[in-house]
2 protein chains.
Amino acid sequence: MNIYDIAKEAGVSIATVSRVINNKGTVSDATRAKVEAVLSRSGYTPSAIARGMVSKSMRTVAVLTVDIRVPHYAQQAYTIEQAFSHRGYEVILCNTGGGKEATVRYLRAVTEKQVDGIILVGSVFNRIGREPEVEALLRQAPVVLANGRLDIPNASSVLLDDESGAALAVDHVTALGKRNLWYVKDLNTASALAKRDGFIKACERCGDRVRGRVIETEFSIEGGRHAAKELLRSCRSFDAIICGEDETAVGVVKGLLSAGVRIPQDVAVTGYNNSIFASMCEPRLTSIDNKPEQVALMCVQLLERMMDGEPGGIVEVFKPELAQGWTT
Amino acid sequence: MNIYDIAKEAGVSIATVSRVINNKGTVSDATRAKVEAVLSRSGYTPSAIARGMVSKSMRTVAVLTVDIRVPHYAQQAYTIEQAFSHRGYEVILCNTGGGKEATVRYLRAVTEKQVDGIILVGSVFNRIGREPEVEALLRQAPVVLANGRLDIPNASSVLLDDESGAALAVDHVTALGKRNLWYVKDLNTASALAKRDGFIKACERCGDRVRGRVIETEFSIEGGRHAAKELLRSCRSFDAIICGEDETAVGVVKGLLSAGVRIPQDVAVTGYNNSIFASMCEPRLTSIDNKPEQVALMCVQLLERMMDGEPGGIVEVFKPELAQGWTT
DNA sequence: TTTTGTATTGTAAGCGCTTACAGAATCATT
DNA sequence: AATGATTCTGTAAGCGCTTACAATACAAAA
């Protein structure tokens, strides 16, 4: 069932049918009625592929995310999907797992499908974005990077200011009178390093009255618990623990509570991301919220601008916010 | 940059270029090398749209889910996406929100895009699947329903046996010696009703020694807490509480613990779905796991079968499993 | 009535690819 | 050298649509 069938049935030409369907050009009322009757009677569905052939667009955008099961990414994918859905675009979802090979495979697939835009959620592209093979693919469509930078003309990005996020936590606990701060470094990503640096700088800004030190552990609740035990065991003085991730912070809280430490009177604890872990932990974690929904909406706006033909190269910096909980 | 450019550059016909790209038909080694050289030098990307025009397939499947932010759906979407990705298909993700209007809009969009298959996650279609408008759309592609039934020839489905899931919980706590069971009904979905019926029937199967009653509350942690307080307040006897959802069960646990009730010695509690709520609750909830990943894989298999031309109409019933926690 | 302008409709090209078919080239066989 | 079989390559049609342009119809103005 195609446009020819409809045209024949209605006794008009395919151009007229097309004009009726797209409500474009001039069609007399009588003809329009005739065609519309056939249209609704037949259950005809126009082929988006054939349309795409002409317009070179399938009205589709691709979202490449590391893993949609991570709530943070799910929220962003959801926000992006809804925003585009309301504008008549569908979203192709790709779970890259963060690996280069899969990422390239997905990029190739979606560029072949001539998506109208690509949003990259996650930071793989800081590493692989400059490889010629990858860059060639990325040049095929407007690209927006959530949390990362990419120096090609058709790419924009939203950067998360992790340094200021960590500084937010430091300022918060020092304002509460805490003086001996520890940063729990759990990951080795660029983001985690930025947080650590932000922590150190913020402590230095406070002068001698505040001391900031770093302890490393594994990224997990267990890792956090272990870090807490380690601090307690080594008899180091501490009255605030700034963690790189909520998971770790949950572990720290558990470790401290089980040792009889009072939170936040004795020790304040902060997490990062204001994730579900922060909300389910009792007492509720104070955490740094980088508002995945807002970031996603910024990405959508940047992409739309490029899809409208405006140049890319824009870098927006998103400042995280402090989400106060019961642990500070 | 299209296949004509490549052909001209390589001094061959477009048919030969096509044969090289698709590794189909016969091409002499010399010609192949010549074309491949041009191909890699030019960074040419074949147009999937044009291919789709010929093959009437974009190698894409659609996943309609209520809300990807719900971890259960995220897991299923992830599983489906990965499975199809490995077979060279991309996935279009739609968040319907469970409403009819949005659902129809998405169905129309993806059928216009001539997706090779549709997987419907969530149960809206039990209600709207029979409306002529919806059915006409659903007939355009092979369809698989996760947790729901649809009587059209090109649809298969995986049903979750909610009754047996609830019975699993009943059998488990009665085996532990519990005799006064309550079912906490929190939702009004078909699924929730099936669980309640399964609960009642399972209790009846135990004869006089077991008594099963039902209490209603709101679907939320707070609702669960409220139900627990209510049971305590009204001085009813109970030694096991079977909940329709993990969220409610978490609330029940909190309510009981704060009243000094020992779990599971005094009262056993079970949730449903074995979600992240079950795992983050302390003590860890015993819950009913309907294995979203396995269900998703069954959906994929059913869809693939239909995409290979085999008839649909298959209904697989998935039996949930008990996930033992510390609350029983 | 003829002319001019406008509203309506149709014809045909072309989007980039696959593929059936035909034709050319090569090779083995007689 | 001629024939047939085989391998290789090119031509052209067609996938279902949009749209530029041509053609027609019709109404108003001259």
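Hydrogens, waters and symmetry mates play no part in the numbers below; they use all other heavy atoms, side chains included. Numbers restart at 1 for each chain; the letters A, B, ... are given by sequence-line order, proteins then strands.
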What closest approach, in Å, do Met58(B) and Ala48(B) show between heavy atoms, and which atom pair accounts for it?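 Met58(B) and Ala48(B) have their closest heavy atoms at SD-O, 3.5 Å.
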The criterion is side chain to side chain donor-acceptor pair (under 3.5 Å); which residues satisfy it with Asn188(A), sequence neighbours excluded?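 For Asn188(A), the residues satisfying side chain to side chain donor-acceptor pair (under 3.5 Å) (neighbours in sequence not counted) are Lys185(A).
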Rounded to whole Å, the NZ-C1' distance (Lys24(A) to dT18(D)) equals 8 Å
According to salt bridge (charged side-chain N to carboxylate O under 4.0 Å, His left out), who are the partners of Glu135(A), at least two apart in sequence or on a separate chain?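 Scan of Glu135(A) (salt bridge (charged side-chain N to carboxylate O under 4.0 Å, His left out), adjacent residues dropped) gives Arg130(A), Arg139(A).
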Angle by which the axis turns from one end of the helix from dT1(C)-dA30(D) to dT30(C)-dA1(D) to the other, five pairs per end, to 10 degrees: 60°
Rounded off to whole Å, could you give me the CG-to-C1' distance for the Asp5(B) and dC17(C) pair? 13 Å
For a quick test of your reading: what N or O donor-acceptor pairs under 3.5 Å do the side chains of residues 74-93 of chain A make, sequence neighbours left out?
residue, atom, partner, partner atom, Å
Gln75(A), NE2, Thr79(A), OG1, 3.0
Gln76(A), NE2, Pro292(A), O, 3.2
Tyr78(A), OH, Arg69(B), NH2, 3.4
Thr79(A), OG1, Gln75(A), O, 2.8
Glu81(A), OE1, Asn95(B), N, 3.4
Glu81(A), OE1, Asn95(B), ND2, 2.9
Glu81(A), OE1, Tyr106(B), OH, 3.2
Glu81(A), OE2, Tyr106(B), OH, 2.5
Gln82(A), NE2, Asn95(B), O, 3.1
Ser85(A), OG, Arg105(B), NH2, 2.8
Ser85(A), OG, Tyr106(B), OH, 2.9
His86(A), ND1, Gln82(A), O, 3.0
Arg87(A), NE, Glu304(A), OE2, 2.0
Arg87(A), NH1, Ala83(A), O, 2.6
Glu90(A), OE1, Lys113(B), NZ, 2.8

Can you pull out every salt bridge (charged side-chain N to carboxylate O under 4.0 Å, His left out) where at least one residue sits in residues 92-103 of chain B? Sequence neighbours excluded, please. Lys100(B)-Glu131(B)
Name every donor-acceptor pair, under 3.5 Å, that has one atom in a side chain of residues 293-303 of chain A and the other anywhere in the protein, sequence neighbours excluded.
none

Side-chain N or O of Ser18(A) closer than 4.0 Å to phosphate OP1/OP2 of dC17(D):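 Negative; the distance criterion is not met.
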Rounded interatomic separation in angstrom, taking CD from Glu112(A) and P from dT18(C):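 Atom CD in Glu112(A) sits about 10 Å away from atom P in dT18(C).
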Tell me, for nucleotides 6-16 of chain C in 5' to 3' order, what letter each nucleotide earns: B for a base near a protein heavy atom under 4.0 Å, S for only sugar-phosphate near one, - for neither? --BBBBB-BBB
Sorted by chain and residue number, the side chain to side chain donor-acceptor pair (under 3.5 Å) partners of Lys319(A) (sequence neighbours excluded) come out as Asp161(A)
Which donor-acceptor pairs under 3.5 Å do side chains of residues 15-33 of chain B form with protein atoms, sequence neighbours excluded?
residue, atom, partner, partner atom, Å
Thr16(B), OG1, Ser13(B), OG, 3.3
Ser18(B), OG, Asn22(B), ND2, 3.3
Asn22(B), OD1, Arg51(B), NH2, 3.3
Asn22(B), ND2, Ser18(B), O, 2.9
Asn23(B), OD1, Arg32(B), NH2, 3.3
Ser28(B), OG, Thr31(B), N, 3.3
Ser28(B), OG, Thr31(B), OG1, 2.6

